Amino acid sequence: MKEKIEQVNRYIKENRHRVNHCYRGKFHLLPPIGWMNDPNGFVYYKNEYHLFYQFYPYDSVWGPMHWGHAKSKDLIHWEELPVALAPSEVYDRNGCFSGSAIVIDDKLVLIYTGHVEEGNVRTETQCMAVSHDGIHFEKYAGNPVIGEKHINGIADIADFRDPKIMKYDNHYYTVVASKTEDNRGQILLFESDNCFDWRFKSVLLVGKEDQGIMWECPDLFELDGKWVLIMSPIEMKRKGNQYWNLNSTLAFIGGVDWESGYFQVENFHEIDGGLDFYAPQTCVNDKGERYLVAWQQMWHRNIPTHDLNHGWAGMMTIPRKLSIKNNRLYQEIPETLTSQLTIQERFSGQVDQSELVFSSAVKQQQYLILELEKPEDFELIYARNVINQQGVKISYNENNQVLSLGRERLGHKIIGKEEPYADIRHLNISDPPKSLTLEILRDINSIELFVNGQTMSMTFYEKEFGTDIVLTNADKLNIKTLEFYDIA
Ligand code: FRU
């Protein structure tokens with residue numbers, strides 16, 4: 001693998017100057033050049049967060065997968081590291097697909113899917129790699145560690161991927177995504193005493209008919225006394241305001257019976273209600289705090305940075321701090337970010353005009369908080385362009401307690417031909433609020449909404465940057481807080 005890694009790192013060094021920076025965020029992880037999808041190997045190692053990702057540096061479209069690598073002390077500033085994995089062996093020659101990481105005795109251990117295609121035959125097996133310095137990785141000589149013999153009669157080797165590893169009760173466990181014969185998602189559980197020799201334990205959970213034709217990127221963890229199983233279903237059926245993207249994300253909350261290896265579902269819901277959010281993965285730090293990060297994009301879309309020849313495509317979300325409230329995932333902006341804000345403008349009280357306009361208030365990196373007592377309908381147009389009046393549209397409907405986020409008619413078009421639903425998403429506020437706290441995080445082309453613990457994530461590509469922030473129905477609102485901050 002060494003040669004392949006040297007070759008790809010050389011390519012990145014020699015070509016990265018070709019990347020156009022116009023839409024590149026400052027506090028989100030992006031590929032230095034080329035294509036990025038799923039977060040991989042998110043782990044806390046020697047007092048730093050390491051985050052790997054599905055990476056094809058040679059073009060801004062998906063290709064044979066490598067693992068890009070970065071680390072951070074605060075989840076906001078990322079330091080780029082050399083590429084960690086490249087396809088190089090018989091068992092991973094068409095790609096090192098998604099996977100995860102664990103720390104064992106100061107070593108950083110990765111488990112990933114070796115992807116092979118021969119004609120129409122696809123083989124996916126689970127493989128490992130080890131690093132002593134957290135930078136250079138060596139593939140394990142005994143690869144693949146989980147393959148055909150482990151799943152004979154249980155699942156198809158053609159759709160068997162994205163291992164997420166964890167340690168519990170002195171055993172190592174790995175959950176792996178697969179599908180049933182009749183095209184429903186299922187998650188398989190494997191067990192090991194030494195982390196390298198694996199045995200099949202159970203089918204942890206099988207999806208219902210309307211829960212997608214295949215599940216990808218599972219993650220299983222304990223949080224606030226519950227077990228949580230998250231994954232990304234392909235073609236989950238749209239239901240009310242949920243699951244509008246072609247592929248969605250799901251959180252199951254409940255318990256695990258470790259004798260049988262079955263997950264007992266108490267509740268489930270979509271993880272993020274926005275347009276661009278897929279394949280989330282979590283990591284826990286030394287204080288026991290758990291953070292979730294996802295690919296802030298979606299399959300089958302036209303990505304403008306590719307269409308415009310900017311030389312890169314794909315980004316991560318901001319990592320969100322997780323907890324459980326009312327048997328649901330509750331997501332918050334990390335304190336490492338909110339503690340770095342510089343106040344720009346503060347507004348509160350009663351207004352007599354119906355439209356509040358803050359001219360030239362928009363920053364390319366910005367945090368905005370709007371707190372309303374007894375919320376009424378409103379529309380917040382963020383980054384409204386003075387000439388064409390377009391901007392990111394956030395609106396709240398008090399009648400049915402739905403928050404909407406849209407990029408219709410805004411900038412470069414994104415939605416792909418295959419997608420039936422327009423550039424707008426709606427989120428049911430799960431716990432009808434007496435007060436509504438809406439936080440907006442903007443990093444050039446990314447907007448993430450946090451509202452009472454729920455989130456909506458979206459990318460947008462303005463042709464000319466909008467400058468104004470507009471709040472409608474302002475005279476009917478009881479504004480407790482309205483503040484804008486610059487993110488330095
Ligand atoms: C999810 C996914 C994974 C796979 C990877 C390939 O987005 O399809 O299932 O491992 O992307 O890049």
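Every number for a ligand or one of its atoms is a count from 1 in the order of the listing. In this text the structure is predicted, and so the values were computed from the model without any measurement. Just the heavy atoms: all of them, side chains too, but no hydrogens, waters or symmetry mates, feed the values below.
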Contact table ligand 1 N or O to protein N or O, d under 3.5 Å:
| unit_1 | atom_1 | unit_2 | atom_2 | d |
| --- | --- | --- | --- | --- |
| ligand 1 | 7 (O) | Asp38 | OD1 | 2.7 |
| ligand 1 | 7 (O) | Asp38 | OD2 | 3.2 |
| ligand 1 | 7 (O) | Trp299 | NE1 | 2.9 |
| ligand 1 | 8 (O) | Glu216 | OE1 | 3.4 |
| ligand 1 | 8 (O) | Glu216 | OE2 | 2.9 |
| ligand 1 | 9 (O) | Arg161 | NE | 2.8 |
| ligand 1 | 9 (O) | Asp162 | OD1 | 3.4 |
| ligand 1 | 9 (O) | Asp162 | OD2 | 2.6 |
| ligand 1 | 9 (O) | Glu216 | OE2 | 2.9 |
| ligand 1 | 10 (O) | Ser98 | N | 3.1 |
| ligand 1 | 10 (O) | Asp162 | OD1 | 2.5 |
| ligand 1 | 11 (O) | Asn37 | ND2 | 3.3 |
| ligand 1 | 11 (O) | Asp38 | OD2 | 3.1 |
| ligand 1 | 12 (O) | Asn37 | ND2 | 3.1 |
| ligand 1 | 12 (O) | Gln54 | OE1 | 2.7 |
| ligand 1 | 12 (O) | Trp62 | NE1 | 3.0 |

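- Ring to ring, Trp35 and His306 are not that close: their centroids are 6.0 angstrom or more apart.
- Considering Asp272, Thr455, Val451, Val402 as possible partners of Leu427, the one that fulfils the side chain to side chain contact (heavy atoms under 4.5 Å, CB included) test is Val451.
- Taking the six-membered ring where the residue is Trp, the centroids of Phe137 and Trp67 are separated by 6.0 Å or more.
- No donor-acceptor contact under 3.5 angstrom links the side chains of Glu222 and Tyr168, judged on distance only.
- Using a 3.5 Å distance cut-off with no hydrogens or angles, the side chains of Thr249 and Glu270 do not pair a donor with an acceptor.
- Annotation: Phe27 is not in aromatic contact with Tyr367 [ring centroid separation under 6.0 Å not met].
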